[in-house]
*Asks:* 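Quick one: the structure is below, and I'll ask about it shortly.
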Amino acid sequence: MGHEGMRFGFEKLAQDGAARAGVIHTPRGDIRTPAFMPVGTAATVKAMMPESVRATGADILLGNTYHLMLRPGAERIDRLGGLHRFMNWERPILTDSGGFQVMSLAGLRKLTEQGVTFKSHIDGSKHELTPERSMEIQRLLGSDIVMCFDECPALPASDKAVAESMRLSMRWAARSKEAFGDRPGHALFGIMQGGVTPELREESAEALKAIGFDGYAVGGLAVGEGQEAMFGVLDYATGFLPEDRPRYLMGVGKPDDIVGAVKRGIDMMDCVLPSRSGRTGQVFTRHGVVNIKNARHQDDPRPLDEACTCPACRNYSRAYLHHVFRSQEIISSMLLTWHNLHYFQQIMGEMRAAIAEARFDAWEAAFHAGRAEGDIEPL
Ligand SMILES: [Zn+2]
């Protein structure tokens, strides 16, 4: 693709409190931070054309190694020209390592020092993931930002279990770095583990910094610990990470989780929530959550949000969206997903502007006030 000459790099443009605004340069284009990455699990953001995802303001997508290795297979995607061409998304792609989803989706898994063997949740076939194989798969996919292969223990877990798991992940991080090699224009991110224990988080961060990565993720959160515990970890954990590298909070989250993470120094996030909720009729707006299946919308000619510029709000009424959702029409998933992704990207853009202008606290107060108002009154 002729991108080989350019390198990966992060530039911090502004800071307001702990919140940062910046840009990640990649050969496939810039990523404005803080960034929200829509999830394209199986080489598609469900119900969205790639150009529509771009139109919502997304600079980067996330792809799932676990799903893509099982179907259609990383070697096949490589033969077909890589994931960008395969799914018609030319901008940057971040892939996860497959580790988290093996733990949450696969059947009959066995964990050893070497890696994980497991059975596919699709057809029961047997597979192995190791740091080396995860790096190979992510290279075959053509991922721009590659994640270390790690293990994420389910919480709650004892301190001893969290420490042992974290140290295994740090040994795997060193193997990931070795297997990744030197690939100009592509980035490898390390993943901090350590649960909710400050000493373990610091030990993990020090181990990762000694190996050296292009960016650092905070892993092992958004796994059921609750927002308060998650913010509690972020309050100290981002301080263990280098100032001059992007920080990625994996699998987050709801709009108020995202705002709280940015406030605590996170630069990148991903979550299936806006797309998945679009398919289940849950809509996020400035005024909180709207459930489009409620009968209160069936005669309502107003848009979801009069101030929103997405196609669902510009061209369709609540009554129509309610009707197509209740009728299980495909356009319902398309429109509600578009609105949700648009709303998430709008929040990110507003936060970037607020940080640049050193008014993040005022913006955050307005964000919470809007949500506290609740949805507009029924007609
Ligand atoms: Zn909208």
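Counting convention: from 1, in listed order, for ligands and their atoms alike. The shown structure was predicted, so the numbers you read here are calculated from the model rather than taken from an experiment.
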*Asks:* What is the SG(C310)-the Zn ion (ligand 1)-SG(C313) angle, to the nearest 10 degrees?
*Replies:* 110°

*Asks:* Should the ring pair W363 and F367 be called parallel, tilted or perpendicular, given that the plane angle runs from 0 to 90° and is split at 30 and 60?
*Replies:* parallel

*Asks:* Go through the side-chain N and O atoms of T95 and Q138 and say whether any donor and acceptor fall under 3.5 Å apart.
*Replies:* yes

*Asks:* Mind checking whether the Zn ion (ligand 1) has an N, O or S of H342 under 2.8 Å?
*Replies:* no

*Asks:* For the Zn ion (ligand 1), find the closest N/O/S atom belonging to H339 and write down its atom name.
*Replies:* ND1

*Asks:* Do Y66 and F118 make the cut of ring centroids closer than 6.0 angstrom?
*Replies:* yes

*Asks:* As a quick check of understanding, evaluate side-chain contact (heavy atoms from CB on, under 4.5 Å) for I31 and V23, giving each step before the final call.
*Replies:* CA-CA 6 Å; I31 304 157; V23 58; 5.9 Å; no

